[in-house]
Amino acid sequence: MTPADFRKIALSMPEASESSHMAHPDFRVGGKIFATLGYPDKDHGMVVLPPEEQTRVVRSHPKVFAAATGAWGKRGSTTVRLEAVNKATLEKALEIAWRQRAPKHLL
């Protein structure tokens with residue numbers, strides 16, 4: 001997958017919008033960030049998952065997903081290696097991240 005693919009999938013979620021945070025493009029729903037591009041570098045994206053889901057995806061796909069460093073990682077921020085992830089896996093991860101942040105009326 002490419003950054004353009006990541007962006008397209010993230011923006012396909014209902015009421016998703018693109019903004020910027022800490023000099024990285026981010027994707028929000030209801031004003032809350034659910035994904036970011038370019039963290040920790042141009043080869044990665046980041047999704048905010050529930051911690052138990054983060055544990056599952058990191059175990060299932062260790063060459064694709066990793067917990068972000070520091071407190072963010074402990075709260076579910078999960079890096080995605082773009083060149084290693086397939087479309088279906090990325091779509092599912094972005095959907096889970098979106099659902100965690102979306103207002104209840106969108107679920």
Enquirer: Which distance, rounded to the nearest 0.5 Å, do you find between the CH2 of W98 and the CG of L107?
Expert: 5.5 Å

Enquirer: Tell me whether Q54 contacts the main-chain N or O of A67 through its side chain, where contact means a donor paired with an acceptor under 3.5 Å.
Expert: no

Enquirer: Report the distance from atom OG1 of T79 to atom OH of Y39, rounding to the nearest 0.5 Å.
Expert: 8.0 Å

Enquirer: Flag yes if V57 and M1 sit in one hydrophobic cluster, no otherwise; membership is Ile, Leu, Val, Met, Phe, Trp, Tyr, and two members link when side-chain heavy atoms are under 4.5 Å apart.
Expert: yes

Enquirer: Check A102 against L106 and note the closest heavy-atom contact, atom names and distance.
Expert: CB-CB, 4.4 Å

Enquirer: Is there a path of hydrophobic side-chain contacts, each under 4.5 Å between heavy atoms, that joins V58 and V64?
Expert: yes

Enquirer: Give the table of side-chain donor-acceptor pairs shorter than 3.5 Å for residues 42-52, with sequence neighbours excluded, one pair per line with atom names and distance.
Expert:
from	atom 1	to	atom 2	distance (Å)
H44	ND1	D41	OD1	2.7

Enquirer: Same cluster or not: are I96 and L94 linked, directly or through other Ile, Leu, Val, Met, Phe, Trp or Tyr residues, by side-chain heavy atoms under 4.5 angstrom apart?
Expert: yes

Enquirer: Going by atom type alone, with no hydrogens or angles, which donor-acceptor pairs under 3.5 Å involve a side-chain atom of residues 9-22 and a protein atom two or more places apart or on another chain?
Expert:
from	atom 1	to	atom 2	distance (Å)
S12	OG	I9	O	2.6
E18	OE1	R7	NE	2.9
E18	OE2	R7	NE	3.2
E18	OE2	R7	NH2	3.0
S20	OG	H24	O	3.4

Enquirer: Evaluate I33 against F27 for side chain to side chain contact (heavy atoms under 4.5 Å, CB included), listing each step before the verdict.
Expert: CA-CA 6 Å; I33 296 172; F27 305 93; over 6 Å; no

Enquirer: Going from CZ on R56 to OG1 on T78, what distance comes out if it is rounded to the nearest 0.5 angstrom?
Expert: 11.0 Å

Enquirer: Do D26 and L37 have side-chain heavy atoms sitting under 4.5 Å apart?
Expert: no

Enquirer: Keeping the roles fixed (side chain from R81, backbone from K63), state whether a donor-acceptor pair exists under 3.5 Å.
Expert: yes

Enquirer: Find out whether E91 and E95 are in side-chain contact, i.e. whether some heavy atom of one side chain is under 4.5 Å from a heavy atom of the other.
Expert: no

Enquirer: Where do G30 and P103 come nearest, in terms of heavy atoms and distance?
Expert: CA-CG, 4.1 Å

Enquirer: On a heavy-atom basis, which atom in F34 and which in V29 lie closest, and how many Å separate them?
Expert: CD2-N, 3.9 Å

Enquirer: For a side chain to side chain contact (heavy atoms under 4.5 Å, CB included) check, start with the C-alpha distance between F6 and L82, then their side-chain angles and the critical distance, and finish with the verdict.
Expert: CA-CA 8 Å; F6 187 102; L82 296 176; 3.7 Å; yes

Enquirer: Measuring only between side-chain heavy atoms, which start at C-beta, is P25 closer than 4.5 Å to T36?
Expert: no

